[in-house]
Protein chains: 2
Amino acid sequence: MITAEQRRSSTHERFREQVRGDVKGVALSQLAAGGPQSISLNAIAKELGVSGPALYRYYAKRDDLLDDIVIDAYHDLRDAMDQAVVATTDLPDPAERMRELARAYRRWALEHPHRYELLFKPLFPGYDAHGEPIAEASAMLIGPALGLLGDGGTRSRLDARPEDVDHVVRVWSRLHGIVSLEIGGTYAAMDVDADELFATEMESVTARLARPSTVQQGRAVPSGD
Amino acid sequence: MITAEQRRSSTHERFREQVRGDVKGVALSQLAAGGPQSISLNAIAKELGVSGPALYRYYAKRDDLLDDIVIDAYHDLRDAMDQAVVATTDLPDPAERMRELARAYRRWALEHPHRYELLFKPLFPGYDAHGEPIAEASAMLIGPALGLLGDGGTRSRLDARPEDVDHVVRVWSRLHGIVSLEIGGTYAAMDVDADELFATEMESVTARLARPSTVQQGRAVPSGD
DNA sequence: TCCCATAAATTAGAAGCTCTAACTTCGTAG
DNA sequence: CTACGAAGTTAGAGCTTCTAATTTATGGGA
C-alpha cells in the first residue's frame with residue numbers, strides 16, 4: 001500500500017514530473033513552430049514514442065497542459081526580471097534600475113514571442129469572469145518593479161503604496177504596448193527603429209523616478225511621467 | 001455562359017455576398033461566445049440550416065473566413081476612428097482631436113474585445129514572414145491620426161513626415177498597451193481605475209501637440225512625450 | 001520468494017472538426 | 001428546350017480530444 005504521503009516526493013512523483021517536463025518540452029517546440037493551435041497531445045505522444053491517451057495520465061485535458069505552459073511562462077519571465085533586479089543592486093539610480101528591469105522584460109518577450117503572447121490570451125472565453133488568476137499573475141509581474149520602488153523590504157509587496165502600484169502599472173502598460181506591437185511586426189513593417197523607440201519611451205516613463213538620496217525612501221513622484 | 005463581367009455585381013454575386021455575411025454573423029457570435037478557437041464552419045453550417053461542406057463554396061478554408069473577419073474588424077475600427085475625425089473637425093486643438101481619436105479607439109476595443117484581440121493575432125505561425133499585410137493594416141490604423149497631424153490634405157498619408165509617423169506610433173503603442181491590458185482584465189484585477197489611467201496617459205502623450213495657430217501646419221513636436 | 005494492489009500503458013471507439021470527391025438539383029443563357 | 005455551370009447533397013479520409021475497458025509492469029508486504 002502506497003500512501004499519499006509516500007507518493008508525494010517519491011520516485012513515482014519525480015518520474016511523473018519528468019514526463020510532464022518532456023511533454024511540455026515537445027509542446028513548446030510545437031508552440032514555437034505553429035502557435036498554440038498546433039499543440040496536440042496526440043502528436044506529442046507520437047513524438048515521445050508513447051501512444052495516444054497515455055498522456056491523459058499526466059494531463060486530464062489539453063487545456064491543463066496549456067495552463068501549465070502559461071504558468072511556466074509567467075515564472076520564467078518573473079525569473080528573468082528577478083535576475084535583473086539582483087544584477088542591478090549596485091546601481092544607485094532607481095530610474096536606471098527600472099530601465100534595466102524593462103530591458104529584461106523586453107528581452108524575454110523577444111526571445112519567447114509565442115510564450116509572451118500566450119501570457120495575455122487565456123482570458124478569452126469569459127474574460128470578465130476569473131479575476132483571481134489574473135490578479136495573481138499581475139501581482140507576479142509587477143512584483144519586481146514594486147520591490148524597486150519600495151522602502152527596501154520592510155514593506156511587503158502585497159500592501160504596496162497605491163501610488164507605487166499606479167506608477168508601475170503605467171510603466172507596464174507602456175512596456176507591454178511597445179513589446180506587443182514589436183512582436184506583432186508592426187515596427188518592422190513601418191520601418192520604425194524599435195530599439196530607439198523603446199529606449200526613449202522607457203527613458204521618459206522612468207525619468208522622474210526620484211533618487212533615494214534626494215527623496216526619502218526612494219518613492220516615485222506620483223503624477224506625470 | 002456567364003462571363004466574369006456578368007458575375008461581378010449581378011444577383012449571383014450579391015447572393016454570395018449575402019451568404020458570406022450570414023456566415024460571418026454566426027462566426028462573430030461564436031467568437032464572442034468562446035474565442036476564435038470555437039469558430040467552426042461545421043457548426044455555422046448547422047446553424048444556417050445547410051449541411052456541412054456547403055460553405056466551402058464560399059470559403060475555401062476555415063482560415064479564409066478568419067481572415068475575412070480580421071479584415072472586417074480592421075475596417076470597422078478604422079471607420080470608428082474616421083467618424084471621430086470628422087466629428088471633431090470643429091475643434092481647434094489638435095491635441096484634443098487626437099485624444100478624441102484615442103477615445104474612439106478605446107471605445108471600439110472595449111465594445112469588441114475579441115475582435116480587437118484578433119487584430120493582433122494572425123501573425124502567429126511565421127511572425128517574421130508576411131510583412132505586407134501587417135504594413136497595410138498598420139497604415140490603415142495610423143491613417144486617421146496622421147491625417148490629424150498632416151498639413152490638411154495636400155500631403156498624402158503614404159508619404160507622411162517621418163517625425164509624424166514616429167509620434168503617431170508612440171501614441172498608438174501607449175494606447176494599445178493600455179487597451180490590451182484593460183481587455184485582459186488586469187486593471188480590474190488590480191483595482192486600478194482604467195478611465196483615469198487612460199485619461200491621464202492620453203493627456204500626457206498628446207500634451208505637446210502644438211496648436212495650428214502657434215506652429216505652422218500643426219505639426220507635432222517630435223521629441224519628448 | 002511469491003502475491004497482489006496500484007499505476008501505467010495499451011487498444012477500441014465515440015464525437016467532433018477540416019476538407020476532398022463524387023453526385024444530384026436547379027436556375028438560367030442561348 | 002437544352003445544356004452548362006453553380007449550389008447543395010452525401011460519403012468518407014484523416015485529424016483531433018477524450019472515455020472506457022483491458023492488459024502489462026512494478027514494487028511493498030507476508
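Computed from a predicted model, the values in this text were never measured in an experiment.
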Output yes when at least one side-chain N/O atom of R16(B) is less than 4.0 Å from OP1 or OP2 of dA7(D), else no.
->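 Yes, such a contact exists.
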
Taking atom [atom2] of [N] as reference, at what distance in whole Å does atom [atom1] of [X] sit?
X      : N       : atom1 : atom2 : result
Q18(B) : dA6(D)  : CD    : P     : 20 Å
F15(B) : dG5(D)  : CZ    : C1'   : 15 Å
Y58(B) : dA7(D)  : OH    : C1'   : 6 Å
Q30(B) : dC17(C) : CD    : C1'   : 12 Å
R14(B) : dA6(D)  : CZ    : P     : 19 Å
L55(B) : dA6(D)  : CG    : P     : 18 Å

Report the residues that fulfil side chain to side chain contact (heavy atoms under 4.5 Å, CB included) with A43(A), sequence neighbours left out, ordered by chain and then residue number.
->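 Only Q30(A), S40(A) meet the side chain to side chain contact (heavy atoms under 4.5 Å, CB included) criterion with A43(A).
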
For F120(B) and H176(B), what are the C-alpha separation, side-chain angles and deciding distance, and is it a ring-ring contact (aromatic ring centres under 6.0 Å, His included)?
-> CA-CA 10 Å; F120(B) 299 95; H176(B) 170 67; 4.3 Å; yes

Can you find a side-chain donor-acceptor pair between S173(B) and Y187(A) that sits under 3.5 Å?
->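 Yes.
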
Pair [X] + [Y]: basic N to acidic O under 4.0 Å:
X       : Y       : answer
E100(A) : R103(A) : yes
R99(A)  : E201(A) : no
D67(B)  : R62(B)  : no
D72(B)  : R78(B)  : no
R20(B)  : D68(B)  : no

Taking only nitrogen or oxygen atoms into account, show me every contact under 3.5 Å that the protein makes with nucleotides 24-26 of chain C, one pair per line with its distance.
none

Assign Y59(A) to base, sugar-phosphate, or nothing according to its heavy-atom contacts below 4.0 angstrom with the strands shown.
->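 Nothing, no heavy atom under 4.0 Å.
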
Every protein N/O lying under 3.5 Å from an N/O of nucleotides 17-21 of chain D:
from, atom 1, to, atom 2, distance (Å)
dT17(D), OP1, L41(A), N, 2.8
dT17(D), OP2, S40(A), OG, 3.4
dT17(D), OP2, N42(A), N, 3.0
dC18(D), OP2, R62(A), N, 2.5

Mapping A54(B) and K46(A) to their closest nucleotides on DNA chain D, which lands nearer the 5' end?
-> A54(B)

Is a side-chain donor or acceptor of S138(A) paired with a backbone partner of I134(A) at a separation under 3.5 angstrom?
-> yes

